[in-house]
Amino acid sequence: MCIRCGQQLDGKSGVTFGYIHKGLRLHDEEISRLRNTDMKSLLCRKKLYLVLDLDHTLLNSTLLAHLSSEESHLLHQIDSLRDVSKGSLFKLEHMHMMTKLRPFVRSFLKEATEMFEMYIYTMGDRPYALEMAKLLDPQGEYFNAKVISRDDGTQKHQKGLDVVLGQESAVLILDDTEHAWLKHKDNLILMERYHFFASSCRQFGFNCKSLAELRNDEDETDGALAKILKVLKQVHCTFFDKHEDDLVNRDVRQVLSSVRSEVLSGCVIVFSRIFHGALPSLRKMAEQMGATCLAEVDPSVTHVVGTDAGTEKSWWAVKEKKFLVHPRWIEAANYFWEKQPEENFIIKKKQ
């Protein structure tokens, strides 16, 4: 029923915004009006929109039953739920769960809120999403009602900006899962996954010890969130740095693409014996970051990327004093939006 005139409306039209108010459904025209109004208000405050994933992006959770024997020490290190703002490791008895906040997340949110209107968007259910929001934002300063769960989405196994009251041209997304945003890849900043618990490593097929088992963690000042905050600041600064009367027509996706294209600018890459299934995505990744990719070596080549130091192209790279690096060099640059030191990814000849 329309809240203005009382008319019975077709249940198929518009989009449901149940996370704002139970049962709230907005017609397409009203959504467009709200987005335009909100956009003008936001730009006046020099802000954009930022949609944040939870799991493996801002935090990592595990069921208590899934803690490994080498992680049992965590049960004696949990922080108090009475003042969550001072802690990072929480045991949620009523959910039979333990959650670890990613290092730097509190500083990240505090700085990001100065530049963005922030949403949480998770594939978890609503009770879980709200519980995590309380840990991240105990005072309700950052998200308020803007917590979207899988129960609010319009497509199964997909996330979409149709349930976000923000213009797509002003939205940035932070998520570790690219295929969750098939319609909005140009808005996406892909995050390196945070695997604090062993169950998280197993979930993604990694046969390695978790950070908790190693009694280690990401670096607070040089970890993934700290690096991505620099990218967000750069994009925000670039978006707002020109004539203010043109703001409404600007598109943050073009700014993001421009910033990305500077990462490997000047690099000329040849691939050597890369598995055919992996080659197209690696090439596309490198080209999006501004690199030039060639099929054969020539004097302009700066990097040979491969996994085997014994190939003809690899021998050429060594002989010509070019960089011979592992594909992870490209992947790391993609995650951190920064050209990585080649010496950390050099392929060494097998003994």
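Throughout, numbering of the chain's residues begins at 1 and tracks the sequence.
- For the pair Ser314 and Thr311, the tightest heavy-atom approach, listed with the atom from each and the gap, is OG-OG1, 2.7 Å.
- Between the Lys322 side chain and the Val301 main chain, a donor and an acceptor come within less than 3.5 Å of each other.
- Between the side chain of Asn144 and the main chain of Lys146, no donor-acceptor pair closer than 3.5 Å is present.
- Side-chain atoms of Thr238 and Ser258, non-hydrogen and from C-beta on, never get closer than 4.5 Å to each other.
- The distance from atom CD of Glu114 to atom NZ of Lys46, rounded to the nearest 0.5 Å, is 13.5 Å.
- Asp125 has its side chain out of reach of Ser149: every pair of non-hydrogen atoms, C-beta onward, lies at least 4.5 Å apart.
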Side chain to side chain contact (heavy atoms under 4.5 Å, CB included) assessment of Asp55 paired with Thr122: CA-CA 7 Å; Asp55 294 286; Thr122 176; 3.9 Å; yes
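- Side-chain N or O atoms of Arg102 include one that pairs as donor or acceptor with a backbone N or O of Thr57 at under 3.5 Å.
- Taking the six-membered ring for Trp, Phe206 and His195 have ring centres closer than 6.0 Å.
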Verdict with reasoning, Lys159 to Asp175, per salt bridge (Lys or Arg N to Asp or Glu O under 4.0 Å): CA-CA 10 Å; Lys159 295 179 178 181; Asp175 202 315; 2.8 Å; yes
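- The minimum heavy-atom distance linking Leu67 with Leu74 is given by the pair CD2-CD1, 4.3 Å.
- Here the closest non-hydrogen pair linking His326 and Ile347 is N-CG1, 3.7 Å.
- Asn36 and Gln167 share a side-chain donor-acceptor pair at under 3.5 Å.
- Take Asp251 and apply the side chain to side chain donor-acceptor pair (under 3.5 Å) test, not counting sequence neighbours, and it matches Arg253.
- Lys227 and Tyr335 share no side-chain donor-acceptor pair at under 3.5 Å.
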Pair Arg126, Asp151 - check salt bridge (Lys or Arg N to Asp or Glu O under 4.0 Å), show working. CA-CA 7 Å; Arg126 185 142 194 82; Asp151 310 320; over 6 Å; no
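- Proximity of a side-chain donor or acceptor of Glu71 to a complementary backbone N or O of Ala198 within less than 3.5 Å is detected.
- Side chain of Asn187 to main chain of Glu168: a donor-acceptor pair is present (N/O by atom type, distance under 3.5 Å, no hydrogens or angles).
- Atom CG of Leu174 is separated from atom CG of Asp53 by 8.5 Å, given to the nearest 0.5 angstrom.
- Counting only heavy atoms from C-beta outward, the side chains of Ser169 and Arg250 never approach each other to under 4.5 Å.
- A donor-acceptor contact shorter than 3.5 Å links the side chain of Arg106 to the backbone of Ser85.
- Atom CE of Met95 sits about 5.5 Å away from atom CD of Glu131, to the nearest 0.5 Å.
- Hydrophobic clustering (ILVMFWY, side-chain heavy atoms < 4.5 Å, transitive): Leu264 and Ile274 are in one cluster.
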Please step through side chain to side chain contact (heavy atoms under 4.5 Å, CB included) for the pair Glu262 and Gln234, ending with a clear verdict. CA-CA 12 Å; Glu262 295 169 12; Gln234 188 179 353; 3.7 Å; yes
Side chain to side chain contact (heavy atoms under 4.5 Å, CB included) between Lys86 and Asp79, intermediate numbers included: CA-CA 8 Å; Lys86 291 190 171 81; Asp79 295 307; over 6 Å; no
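- Inter-residue side-chain proximity for Asp162 and Gln155 is flagged as unmet; no heavy-atom pair is nearer than 4.5 Å.
- Using a 4.5 Å cut-off on side-chain heavy atoms (C-beta onward), Phe104 and Ile228 make no contact.
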Between Lys230 and Glu338, does the salt bridge (Lys or Arg N to Asp or Glu O under 4.0 Å) criterion hold? Intermediate values first, please. CA-CA 10 Å; Lys230 291 177 186 173; Glu338 192 173 57; 5.5 Å; no
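- Shown here for Leu225 and Phe108, the closest heavy-atom pair between the two residues is O-CD1, 3.6 Å.
- Side-chain contact between Phe240 and Leu43 is present, with heavy atoms from C-beta onward closer than 4.5 Å.
- Inter-residue side-chain proximity for Leu282 and Glu331 is flagged as met; some heavy-atom pair is nearer than 4.5 Å.
- The main-chain N or O of Gly310 is found under 3.5 Å from a side-chain atom of Trp315 such that the two form a donor-acceptor pair.
- Although no hydrogens or angles enter the test, the distance criterion places a donor-acceptor pair under 3.5 Å between the side chain of Asp137 and the main chain of Tyr142.
- When hydrophobic clusters are built by joining Ile, Leu, Val, Met, Phe, Trp and Tyr residues whose side-chain heavy atoms come closer than 4.5 Å, directly or via intermediates, Leu324 is not grouped with Ile346.
- The hydrophobic cluster containing Leu109 also contains Tyr121, counting ILVMFWY residues as joined when their side-chain heavy atoms lie under 4.5 angstrom apart, directly or transitively.
- Residues satisfying the side-chain contact (heavy atoms from CB on, under 4.5 Å) criterion with Ile78, sequence neighbours excluded, are Leu89, Lys91, Met98.
- Of all the heavy atoms in Phe345 and Trp329, the pair that sits closest is CD2-N, 3.5 Å.
- A donor and an acceptor atom, one from each side chain of Asn60 and Thr62, are nowhere located under 3.5 Å apart.
- Minimum heavy-atom separation, Tyr128 to Met97: CE1-SD, 3.5 Å.
- Both Leu59 and Leu81 belong to a common hydrophobic cluster when Ile, Leu, Val, Met, Phe, Trp and Tyr are linked at side-chain heavy-atom distances under 4.5 angstrom.
- Under the 4.5 Å side-chain criterion, counting only non-hydrogen atoms from C-beta, Val263 is not in contact with Phe336.
- No side-chain N or O of Glu141 forms a donor-acceptor pair with one of Thr113 less than 3.5 Å apart.
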